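Throughout, numbering of the chain's residues begins at 1 and tracks the sequence. Quick caveat: nothing in here was measured; it's all calculated off a predicted structure.
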Amino acid sequence: AAIASLKAWLLRRKGRLIPFWVPTWRRDVVLHAGVSSTDTAIVIEAMNYTEMMFPSKARRHLAFWAPSGALICRAVTAASNNGSTETLSLSSSLGTSFPKEGLVSFLALSRLDSDDVEITYHTDAVAEARLAFVELPQEAP
C-alpha cells in the first residue's frame with residue numbers, strides 16, 4: 001500500500017510540473033512559549049523574521065510537528081517585532097496544544113528536480129526512491 005501511495009503521489013506531480021510543499025526538517029523558528037489549541041498567533045524568539053523573512057512570500061508557511069507525530073501546516077498572515085520576541089499571526093489555530101520545545105520548520109514550495117524518478121525494488125514489499133527537490137521561492141502564493 002505504501003509503494004502504491006508513493007507511485008500515485010509521483011504521478012500526481014507530473015515530473016517537474018506540479019509543485020508541492022516540503023518542510024526543511026530544521027528548527028527554523030524557536031517558540032518563546034507554548035501554544036494552546038485555540039491560539040491564532042505564536043510568540044517566537046527574535047530572529048528578524050518580521051523585517052527580513054515576512055516580506056518574502058516564500059517564508060510565510062510553517063510546519064508544526066505535533067508530539068503525536070502529526071504535521072500541522074499554517075500560513076503566517078502578519079508579523080510584528082516586539083524587541084526580544086516576535087508575534088506571528090497564523091491563518092488559523094493549530095487545533096491542538098503545542099509545546100515550546102516543539103519543532104517548527106519553514107515549508108518550501110518545491111518541485112521535483114527531474115521528470116524521471118527511479119524506484120528500486122528490494123523485495124515485493126520494500127522499495128526505495130531518492131528524490132531531489134528544487135525550491136521555487138518566486139512562485140510561492
Of all residues at least two apart in sequence or in a different chain, which pass the side chain to side chain contact (heavy atoms under 4.5 Å, CB included) check with [X]?
X      : value
Glu135 : Ala58, Arg59, Ala108, Ser110, Pro137
Thr120 : Glu118, His122
Ile18  : Arg13, Lys14

Is the shortest heavy-atom distance from the side chain of [X] to the side chain of [Y] under 4.5 Å?
X      : Y     : value
Phe106 : His61 : no
Glu86  : Val43 : no
Leu71  : Trp65 : yes
Leu62  : Val29 : yes

Between [atom1] on residue [X] and [atom2] on residue [Y], distance to nearest 0.5 Å:
X      : Y      : atom1 : atom2 : answer
Leu107 : Thr24  : CG    : OG1   : 8.0 Å
Leu17  : Asp115 : CG    : CG    : 8.5 Å
Met53  : Leu88  : CE    : CG    : 10.5 Å

**Complete:** Looking only at heavy atoms, the pair that brings Gly83 and Ala46 closest together is O-CB, 3.4 Å

**Asked** Any sub-3.5 Å donor-acceptor pair from Ser91's side-chain atoms to Ala75's backbone N or O?
**Response** yes

Joint hydrophobic cluster, [X] plus [Y], side-chain heavy atoms closer than 4.5 Å:
X     : Y      : value
Phe64 : Phe54  : yes
Val76 : Leu94  : yes
Ile72 : Leu109 : no

**Request:** With side chain to side chain contact (heavy atoms under 4.5 Å, CB included) as the test, would you mind laying out the steps for Leu31 and Ile42 before giving the verdict?
**Result:** CA-CA 7 Å; Leu31 293 174; Ile42 59 172; 4.0 Å; yes

Side-chain donor-acceptor pairs under 3.5 Å in residues 97-105, sequence neighbours left out?
{"from": "Ser105", "atom 1": "OG", "to": "Arg26", "atom 2": "N", "distance (Å)": "3.4"}
{"from": "Ser105", "atom 1": "OG", "to": "Arg26", "atom 2": "O", "distance (Å)": "2.6"}

**Item:** Pair listing, side chain to side chain donor-acceptor pair (under 3.5 Å) test, anchored in residues 67-84, at least two apart
**Value:** Glu51-Asn81, Arg74-Ser92, Asn82-Thr85, Asn82-Thr87

**Prompt:** Hey, what else clusters with Phe133 if you join Ile, Leu, Val, Met, Phe, Trp, Tyr whenever side-chain heavy atoms sit under 4.5 Å?
**Reply:** Ile3, Leu6, Trp9, Leu10, Phe20, Val22, Leu112, Val117, Ile119, Tyr121, Leu131

**Message:** The test is side chain to side chain contact (heavy atoms under 4.5 Å, CB included); show your working for Asp113 and Arg16 and say whether it passes.
**Reply:** CA-CA 6 Å; Asp113 188 38; Arg16 295 177 287 177; 5.8 Å; no

**Message:** Counting only heavy atoms not in Arg130 (residues, nucleotides, ligands), do more than 12 fall under 6.0 Å from its CZ?
**Reply:** no

